[in-house]
Protein chains: 2
Amino acid sequence: MGTKERRAREKEQLRQQILSAARELFVNEGYENVSMRKIANKIEYSPTTIYLHFKDKADLLDSVCQETLLSLLNTLEQLKRDTSNPVETLRKSGRVYVAFGLKYPQDYKLTFVIRPQFQKGLGLQEGSIGEKVFNYLRAMVSECIQQKIFRQMDVETTGQVLWSAVHGVTMLLIDFPDFPWTEKDTLINTVIDTTIEGLKA
Amino acid sequence: MGTKERRAREKEQLRQQILSAARELFVNEGYENVSMRKIANKIEYSPTTIYLHFKDKADLLDSVCQETLLSLLNTLEQLKRDTSNPVETLRKSGRVYVAFGLKYPQDYKLTFVIRPQFQKGLGLQEGSIGEKVFNYLRAMVSECIQQKIFRQMDVETTGQVLWSAVHGVTMLLIDFPDFPWTEKDTLINTVIDTTIEGLKA
DNA sequence: CATTTAACTTTACACTGTTAAGTATACCAC
DNA sequence: GTGGTATACTTAACAGTGTAAAGTTAAATG
């Protein structure tokens, strides 16, 4: 019987092929400079085949970004959390977050800048990977507040402040590579440490 | 004789016409969704006329962004600086910066995200408006450090940390309007105050 | 073997940024 | 005023875009 399963497997395989071709092209040439035809060429199918797996180009982008978020989540979760020192964990997580953004700058921008432009109304929906990432942050922040290391402030606000800081420095370093930045790691660490210091009780 | 001058004036006028048509379209429909033909239609000239005034679409974008930066600089400089309380001035400037970004979100993104993507290698060149904006920040930071309110840290790094913070929160609020942010002004103020607090001696 | 279904391709449409060539008009020296 | 030239602008064209509709092929089912 297993033909149906085989077919489904093959279909999934092609989907994955399209996805990784798209990611590679998006990352190397920029979303706007990648045409459906280019992707099709790379996987040696006709352009319209892509539409059998993805609604349109934006949907393709969205799927690529989901993968990116998952990868970010995994990277963060690999960091083993020392509950006795939540601030240090937070610090490390911040560094990992920025490092991720700088290691895959194009993927980062696709996910956090380009995608919101094309996919209106994504507000961190229930069960999404994006929500899981933010939950990770929430948990750490919560710990810092409960242990009274941080000011007794709203968990949400505190988390959002931290996100703003790491997102800001990541975006600037990506978008203005020629700006006369002070030493990159110094800047990143200072951003994270300053924000954490400012949040302390 | 003045015909030459009149001609030059007319030419400049058309240039301005193109610029404001382009800005309006870029802002309302997004850079990528605006074609040279659309701009041309709006000003009732043929598409190729635009090329008599701007090298290409990216150059047009660049000119639009220069205007935006100038507007930002003016907005910042209107704030009268109370040298006896540089921290309060810095706080206000931060709020003004974010408010500017949120008032003209598309212009902000064009300038700080889209343009760097198309104009590689803009590293805050000598005498540019971007440099003037950053100089404004430098001056305020310098004051805070000299008066020993801030930690004795590198002026550059300190300024870059502040820029990261305000840029981060601005970008997030623009790109994820549906995210469950805490009250917007609270978030903005908390970001600014937290960063400043973290920088204090 | 016949028929249905799924996978994939061909063709086509209306659009894109930009270049090259063409045209008309306003200016200048005589 | 007339001839020539420079300026402003347009027309036409090229190679490319995202994607819908229709057509084709091959495999799975009854």
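Basis for what follows: all heavy atoms, side chains included, without hydrogens, waters or symmetry-related copies.
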Quiz item: Side chains of S93(B) and Y136(B): is there a donor and an acceptor less than 3.5 Å apart?
Solution: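 Yes, side-chain donor-acceptor contact under 3.5 Å.
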Quiz prompt | Residues R23(B) and T68(B): side-chain donor-acceptor under 3.5 angstrom | solution =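 The criterion, which ignores hydrogens and geometry beyond distance, is satisfied for T68(B) and R23(B).
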Practice problem: Could you tell me whether R91(A) and E197(A) make a salt bridge, using a distance below 4.0 angstrom between a side-chain N and a carboxylate O? | Solution: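 Looking at R91(A) and E197(A), the cut-off is not met.
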Quiz item: Can a salt bridge be assigned to the pair E32(A) and K38(A) using a cut-off of 4.0 Å between side-chain N and carboxylate O?
Solution: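 No.
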Quiz item: Looking at dT10(C), does its base get a donor-acceptor pair with the side chain of T48(A) below 3.5 Å?
Solution: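 Present.
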Quiz item: Within the modelled atom types, does a donor on one side and an acceptor on the other bring the side chain of R37(A) and the base of dG16(D) under 3.5 Å apart?
Solution: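 By the distance-only test, no, there is no pair.
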For atom [atom1] of [X] and atom [atom2] of [N], their distance in whole Å:
{"X": "Q17(A)", "N": "dC8(C)", "atom1": "CD", "atom2": "C1'", "value": "14 Å"}
{"X": "M36(A)", "N": "dG18(D)", "atom1": "CE", "atom2": "P", "value": "7 Å"}
{"X": "D59(B)", "N": "dG17(C)", "atom1": "CG", "atom2": "C1'", "value": "14 Å"}
{"X": "N41(A)", "N": "dT9(C)", "atom1": "CG", "atom2": "P", "value": "11 Å"}
{"X": "E32(B)", "N": "dT16(C)", "atom1": "CD", "atom2": "P", "value": "13 Å"}
{"X": "I39(A)", "N": "dC8(C)", "atom1": "CD1", "atom2": "P", "value": "16 Å"}
{"X": "D56(A)", "N": "dA20(D)", "atom1": "CG", "atom2": "P", "value": "8 Å"}
{"X": "L52(B)", "N": "dT11(D)", "atom1": "CG", "atom2": "P", "value": "14 Å"}

Practice problem: Mind checking L14(A) for me? I need base, sugar-phosphate or nothing, with any heavy atom below 4.0 Å counting as a touch. | Solution: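 Here L14(A) touches the backbone only, sparing every base.
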Exercise. Identify whether any heavy atom of S35(B) sits under 4.0 Å from a base atom; if not, whether one sits that close to sugar-phosphate; answer base, sugar-phosphate or nothing.
Key: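 Sugar-phosphate contact only.
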Quiz item: Counting side-chain heavy atoms from CB outward, which of dT19(D), dG17(C), dA7(C) is closest to K11(A)?
Solution: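 Closest of the options to the side chain of K11(A): dA7(C).
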Quiz item: Out of dT11(D), dT19(D), dT9(C), which nucleotide sits closest to the side chain of K57(A)?
Solution: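 The answer is dT19(D), which lies nearest to the side chain.
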Quiz item: Is there a side-chain polar atom (N or O) of T49(A) under 4.0 Å from OP1 or OP2 of dA7(C)?
Solution: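 No.
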Quiz item: Cationic tip of K57(A) within the cone over Y31(A)'s six-membered ring, i.e. under 6.0 Å and within 45° of the normal?
Solution: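 Positive - K57(A) is close enough to the ring of Y31(A) and near enough to its axis.
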Self-check item: Given DNA chain C, 5'-ward residue of the pair Y45(A) and Y31(B), judged by closest heavy atom
Solution: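 Going by which nucleotide is closer to the 5' end, it is Y45(A).
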Quiz item: Between A58(A) and P47(B), which has a closest nucleotide on DNA chain D that is more 5'?
Solution: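 The 5'-side residue here is P47(B).
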